[in-house]
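Before any comments, here is the structure.
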Amino acid sequence: MVAQKHCCSLPDAIFQALDTGPIFLLMLDLEYKITHLNSSFSDRTGFTLKDLSDNPFSCLTSVNAPEPIEPLWKDLEQGRAWSGEGQLRKCNSELYWAQVSISPVADGEKSACCYLVVIQDVTSQKEAGIALREKQSALEVSHQALQELFEKITRAKREWEQIIDCVDDLLVYVDPDQKIIRSNSAFAAFVGQSVKELIGKPVDLLFDQFGVGFEYRDRDCCHLYHDASQRWFAFKTYPLILANELRGKVVVVQDISEIKHANQALEEANAQLKQSQSTILQQEKMASVGQLAAGVAHEINNPMGFITSNLSSLQKYTGKLTDYLDQVGDLVGGHEALQTEIKALKKKAKLDFLLEDIKDLLAESMEGAERVKQIVQGLKSFSRVDQAEEKPEDLNACLETTIRMVWNEIKYRASLDKDYADLPLVKCNAQQLNQVFVNLLVNAAQAIKEGGEGKIQVRTRAQNDAVFIDVQDNGCGIPEENQSRIFEPFFSTKEVGKGTGLGMSIAYDIVKSHGGEISLDSTPGEGTTFTVAIPIRQ
């Protein structure tokens, strides 16, 4: 121990006991000068008693000490001990943190004779505390940064959820096992559950319960019709791959009902446009045919007028000539020679045969002229170019006119049986209905093979404020799969090049425009019956 003899024996005993311990001991006189120190202090700080002898304790303190020690001497002078923490310096000017306690040592008269300084080096604890505080501060900064980042993520999550909740399409995020991880509000409303209730549920089961059985796992996109809501939905799936691993799928369900309805309306409008174009084209063709028929009828009617008139006059003249010859024969009856000569001349000229044959020829010619006249009247009636408006008509007469027009199509294939009932007049467009009857009769004739025992029957009847016209044939019939399409535009059961597929669709439109109905009853191999119903409108 490094020590000096002192008037007080107490410090020597203390120093001897704590000379080499971890505690630094110093003794100060009443002027606060260092008089004693232990070996631990010398070993750790490098100071010897010689270095510090007669130096005040303040020579050990650091100017960077947070609390100067000098002002505390007043407490010591008043007999109060002092303790504190601060930085002290070593012999090499290195600073260290120390826990310092200074206590007055009293003599026998209980007055201070010296001061005992106890110093404990707490540098490691202080540095550890500083490091801990720095680490804690860094952790607090990191925690604050993490908290701010978490708040940003939470805010971004809320914003994203609000964004997907604003989407009308149904959005579902499922794991590889098809269980729901997240969905938007639209999907929750779609299945009638809350978003929280949906988490973890199999999405397939929810679709099945709602009535949409869609195995979307094997398909990227499809359209399905939902009967309960009468809506169309488009299902799309998008795989979610992170780090080359399938983490799940996003299912997007879009309501495409409006698009479907718009497309359907567009298709219907397009079909109606095509049908209207076809109808207009056919009507224009029929109008042209009608005008041609009217022109032909007019041109034929003029010569047939004087032909009929001449034949009638010739028939009268032949009668008078016969009467004359008979009277001449009577006058020469008393002159046998003359009568014999006249008979010879008549026989040589075959006058009796000629007179009889002239009668037959004139009768046949008159009948043919009448038939031509009827055909001309039929052409004029069929054309009706100047009478296209609706007016009361006799449908039996319209049928007769049409039959005469298409008789050439019928007579080589089938016999025609007509069963007409007494019908009231019906307000209609006769030209258009004639077109309907033409299509029905021609189709009936074409359904019968040539050379067969074909039969076509036309029946009319009045029933329930409507007139019904049946056109029945015993032809090949119409296959069942084609019967529902027989009135579609451009659909035909005839061979390519033998039908436009417009006849029955035009007939359907004409009947519908008259407020009527047209239907069919057909058995393949046995025949077909078309029934036209036209309401009676006076």
Side-chain angles (χ1 to χ4, degrees), residues 278-298 300-301 371-411 414 416 418-421 423-446 456-462 466-473 487 499-500 502-520 529-537:
S278 302
T279 302
I280 292 172
L281 178 61
Q282 188 69 10
Q283 288 176 348
E284 289 178 351
K285 289 169 63 178
M286 292 304 297
S288 299
V289 171
Q291 289 177 350
L292 178 61
V296 171
H298 178 71
I300 295 176
N301 193 49
R371 288 182 60 188
V372 172
K373 182 180 178 180
Q374 289 180 357
I375 292 173
V376 170
Q377 291 297 327
L379 284 171
K380 293 174 66 178
S381 176
F382 182 79
S383 63
R384 304 276 181 135
V385 175
D386 57 340
Q387 300 179 17
E389 73 281 356
E390 290 187 351
K391 68 175 187 175
E393 297 283 354
D394 181 0
L395 295 188
N396 287 338
C398 291
L399 281 168
E400 279 299 307
T401 300
T402 304
I403 290 171
R404 286 196 294 271
M405 292 298 301
V406 300
W407 177 244
N408 198 54
E409 288 281 344
I410 298 174
K411 64 182 180 181
L416 181 63
K418 294 180 285 187
D419 182 10
Y420 296 158
L423 300 179
L425 297 179
V426 175
K427 189 176 182 181
C428 64
N429 186 317
Q431 180 186 6
Q432 292 182 355
L433 289 183
N434 283 343
Q435 185 177 345
V436 174
F437 300 150
V438 166
N439 289 336
L440 295 180
L441 289 168
V442 171
N443 283 351
Q446 292 177 348
I456 298 175
Q457 187 176 30
V458 179
R459 296 185 298 271
T460 63
R461 66 187 186 279
V467 170
F468 293 84
I469 301 95
D470 298 329
V471 178
Q472 182 178 2
D473 65 72
F487 298 112
T500 63
L502 294 174
M504 295 310 299
S505 66
I506 292 174
Y508 180 86
D509 286 343
I510 291 174
V511 173
K512 283 292 185 181
S513 68
H514 283 76
E517 298 287 340
I518 182 171
S519 60
L520 70 98
T529 300
F530 279 92
T531 300
V532 176
I534 304 296
I536 299 173
R537 296 182 297 157

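- Atom SG of Cys428 is separated from atom CG of Asn434 by 8.5 Å, given to the nearest 0.5 angstrom.
- Between Val471 and Ala444, the shortest heavy-atom contact is CG1-CB, 4.2 Å.
- Side-chain contact of Asp470 with Thr529: a donor-acceptor pair under 3.5 Å is absent, judged by distance alone.
- In this structure, the side chains of Gln472 and Ile456 stay at 4.5 Å or more apart for every pair of heavy atoms.
- The shortest distance between side-chain heavy atoms of Glu400 and Ile403 falls below 4.5 Å.
- Shown are Val532, Val436, Ile518, Asn439; of these, the side chain to side chain contact (heavy atoms under 4.5 Å, CB included) with Ile510 is made only by Val436.
- Side-chain contact between Lys418 and Arg459 is absent, with no heavy-atom pair separated by less than 4.5 Å.
- Residue Pro424 comes nearest to Ala462 through the heavy atom pair CD-CB, 3.9 Å, listed as atom of the first residue, atom of the second, then distance.
- Distance OH/Tyr420 to CG/Asp394: 10.0 Å, rounded to 0.5 Å.
- With a 4.5 Å cut-off on side-chain heavy atoms, Glu390 and Asn429 count as touching.
- The CH2 atom of Trp407 lies 5.5 Å from the CG atom of Leu416; values are rounded to the nearest 0.5 Å.
- The residues Glu517 and Lys512 are annotated as salt-bridged, a charged nitrogen and a carboxylate oxygen being separated by less than 4.0 angstrom.
- Considering only heavy atoms from C-beta on, Phe437 comes within 4.5 Å of Cys398 through its side chain.
- Proximity of Gln432 to Ser513: side-chain heavy atoms (C-beta onward) are separated by under 4.5 Å at one or more points.
- Looking only at side-chain heavy atoms (C-beta outward), Phe530 and Asn443 stay at 4.5 Å or farther from each other.
- Counting heavy atoms from C-beta outward, Thr402 and Leu441 have side chains that approach closer than 4.5 Å.
- When all heavy atoms of Leu395 and Val426 are compared, the pair lying nearest together is CD1-CG2, 4.3 Å.
- Checked by atom type and distance alone, the side chain of Thr460 never pairs as donor or acceptor with a backbone atom of Ile469 at under 3.5 Å.
- Contact between Glu409 and Ala445 at its shortest, heavy atoms only, is O-CB, 3.7 Å.
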